[in-house]
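Below is one structure, written out as structure tokens; comments come after it.
Worth knowing before you read on, the calculation uses all heavy atoms, side chains too, and leaves out hydrogens, waters and symmetry mates. Order of the sequence lines sets the chain letters (A, B, ...), proteins ahead of strands, with each chain counted from 1.
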Amino acid sequence: MEWLYIHMPISGVDVFWPGMVILGLGCGIMGGFYGMGAAWMITPGLNILGFPMAFAIGTDIAHIAGKSIVSTIRHGKFGNVDYPLGLAMLGGTIIGIEIGAQMIMWFERIGKIDLYVRLLYLVFLAFITYMIVADAIKIKQKKKLAAEKGVELDKLEGGVTWYKTMHKLPIPPKFHFKQAGIHVSFWLPFIVGFITGWAAGILGIGGGLIRMPSLIYFVGCPTHVAVGTDLFEVMLSGLYGTFTYTWKGRTEIVGALIMLCGAAFGAQFGAVATKYYKGGAIRLLFGAAVFCCTLSVAEKLIARVYDIVWMDHASTVTILGGVSILMFIIVYQAIKGMIKEVRMKNAGLPK
Amino acid sequence: MRKLWIGLLIIVAALSVLPEVAMAAGGKAAPLVVVAHTTKLTGLLAWWANMYNDNMFMFTILSGIFIPLAGAFLGLIGDFLMGLTGIDLTKRELVEH
């Protein structure tokens, strides 16, 4: 069975390559569907497959850059990418990431960086989960109210609408972002980009996990456009990350290319899958993924603080098990939708 | 909304203060240097690992070129395969609920 293992030329480890392709495929689907790089799933996965942690991060970022090109192009063809909005956020994101990364360097001096980062990560994840749950409850209430009045709720109406307050930001210049369908101050996406970038820099993640819901709840993008625009940003930051991590000597490009073989197809499928889901359903599935992540991080934190080995394993099982179940749901529903569409097309029926 | 802003301000303020406390904790660790072992490698892998050891600049540039090229190439193949399924790959409907 030696042929199932490939030698990584830089890190010097032998890795089970089908595992890398499958990991890439799975995370490609999740990334293309949720609009993020999904580094929080891949890095531990690569580590389990045998990559040293430093190389797991660099390799992960390099493959994310490649696969997000695929999903950005696909989402772009659907009209899900607001490029000017993405660029407006980008400036803030870069400054935010740099400040966050500098703060992490300061944190390192305490020696308990892991604990603080995980705690902060938990706060963010809990906040995102809260937003999604609150959103689902509010939209249900709005629907009920509309039904009582005998009117139909606008199909783009969201549950949590904090963005309506944000849109009142009076600082010029104001821009109209066509794909997102919003007319806002340039500074709104810039500030949101800065805060999410800062959080990403502090947490050492790509930021899609935070940026995607922020685009919905703070900027006011429809969910599909938030997914596509976020992937555009993930692509740009991934390319930057590839250069910077490779320059530091921590990227195993051979590994990234192997993963990309699965990830490129997964990303394509994940992006197409969004077509068969309503925005609310994407948000709910995103919430479930975030919840799994929260639980996993909490378990890891408890395991580290109280030195409980089985809890550490439970954390891995939680994240991989949860992600697998969600991936199955996404793939199942997408295939069902695709079959239905093809059947209707063949029968000459309108979609 | 006001509570949200206050909460965010508290988090940012707390994080701004923490690094100052951390500064007193100690010096910076020396960066870890990785050298690729090329003795057992042959062909392309040996060339690649040697470049990592000898010319990091070229290694970085080529890595930065290979990845997007591979992504675009595999994306095109995926696009073609997805097109074979017969589904409409140009439109989608925006519905939030």
Side-chain angles (χ1 to χ4, degrees), chain A residues 7 9-12 54 62-63 65-67 69-70 73-74 77-80 103 106-107 109-111 116 120 123 139 143 153 155-158 162 165 202 222-224 239 242-243 246-247 249-251 253-254 256-257 260-261 264-265 268-269 272 274-275 278-280 338 341-342 345 351, chain B residues 1 4 7-8 11-12 15-16 18-29 31-34 36-38 40-41 45-46 48-49 52 56-57 59-64 66-75 77-79 81-82 85-97:
Chain A
H7 185 75
I10 311 299
S11 54
H63 116 279
K67 82 171 177 194
I69 289 175
V70 179
I73 294 171
R74 167 55 42 226
K77 285 182 182 170
F78 278 136
N80 289 345
M103 287 175 82
W106 290 331
F107 275 140
R109 291 169 191 266
I110 310 179
Y116 289 118
L120 185 65
V123 171
I139 198 73
K143 268 178 156 175
L153 196 62
K155 63 181 183 179
L156 287 180
E157 181 68 32
W162 291 335
T165 312
I202 280 273
T223 307
H224 291 76
L239 284 171
T242 304
F243 274 105
T246 310
W247 182 243
R250 297 294 183 273
T251 309
I253 289 295
V254 176
L257 289 173
L260 201 51
C261 291
F265 295 102
Q268 180 86 232
F269 188 86
V272 172
T274 57
K275 187 177 141 101
K278 288 179 179 172
M338 286 160 92
E341 187 184 329
V342 173
K345 190 180 159 189
K351 276 166 263 173
Chain B
M1 202 61 219
L4 173 75
L8 281 174
I11 291 171
V12 173
L15 286 167
S16 309
L18 270 174
E20 297 304 318
V21 180
M23 288 292 274
K28 212 175 179 177
L32 191 71
V33 178
V34 178
H37 296 286
T38 55
K40 286 180 186 172
L41 297 175
L45 291 184
W48 189 245
Y52 176 86
M56 187 54 88
F57 179 73
F59 181 83
T60 306
I61 296 291
L62 285 182
S63 299
F66 283 159
I67 284 293
L69 276 183
F73 176 69
L74 291 168
I77 297 175
D79 225 23
L81 293 176
M82 200 56 93
T85 59
I87 58 168
D88 184 356
L89 289 170
T90 56
K91 284 195 288 285
R92 54 86 183 99
E93 201 190 351
L94 278 185
V95 182
E96 286 299 308
H97 50 85

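- Counting all heavy atoms, side chain and backbone alike, A:G66 lies closest to B:I67 at N-CG2, 3.6 Å.
- Only the side chain of A:F265 comes within contact range of chain B, judged by heavy atoms closer than 4.5 Å.
- Counting heavy atoms of neighbouring residues, nucleotides and ligands inside a 6.0 Å radius, atom NE2 of A:H7 exceeds 12 of them.
- No other option in A:I73, A:V272, A:N80, A:T274 has as many heavy-atom pairs under 4.5 Å with chain B as A:N80.
- Interface remark: of the candidates A:V70, A:I139, A:T246, A:L153, A:T246 forms the most heavy-atom pairs closer than 4.5 Å to chain B.
- Between A:E341 and B:D88 the shortest heavy-atom distance is OE2-N, 2.7 Å.
- In terms of heavy atoms, A:T242 sits closest to B:S63 at CG2-O, 4.4 Å.
- In this structure, chain B has a heavy atom under 4.5 Å from the side chain of A:I69, while its backbone stays farther away.
- Residue contact with chain A, scored on non-hydrogen atoms closer than 4.5 Å, involves the side chain of B:M82 exclusively.
- Using a 4.5 Å cut-off between heavy atoms, A:L260 contacts chain B through both its backbone and its side chain.
- For B:F57, the parts lying under 4.5 angstrom from a heavy atom of chain A are both the backbone and the side chain.
- If you tally non-hydrogen atom pairs under 4.5 Å between each of A:K67, A:K278, A:K155 and chain B, the highest count goes to A:K155.
- Under the ring pair (Phe, Tyr, Trp, His ring centres under 6.0 Å) criterion, A:F78 pairs with no residue, sequence neighbours left out.
- For the residue pair A:F243 and B:G64, the shortest heavy atom distance occurs at CZ-CA, 3.7 Å.
- The choice from B:F66, B:F59, B:F73 that makes the most heavy-atom pairs within less than 4.5 Å of chain A is B:F59.
- Considering only heavy-atom pairs separated by less than 4.5 Å from chain A, the leading option among B:L89, B:T90, B:T38, B:L45 is B:L89.
- Taking every heavy atom of both residues into account, B:L41 and B:A49 meet most closely at CD1-CB, 3.6 Å.
- Between B:G86 and A:V342, the shortest heavy-atom contact is C-CG2, 4.3 Å.
- With a 4.5 angstrom heavy-atom cutoff, A:T223 touches chain B via backbone and side-chain atoms both.
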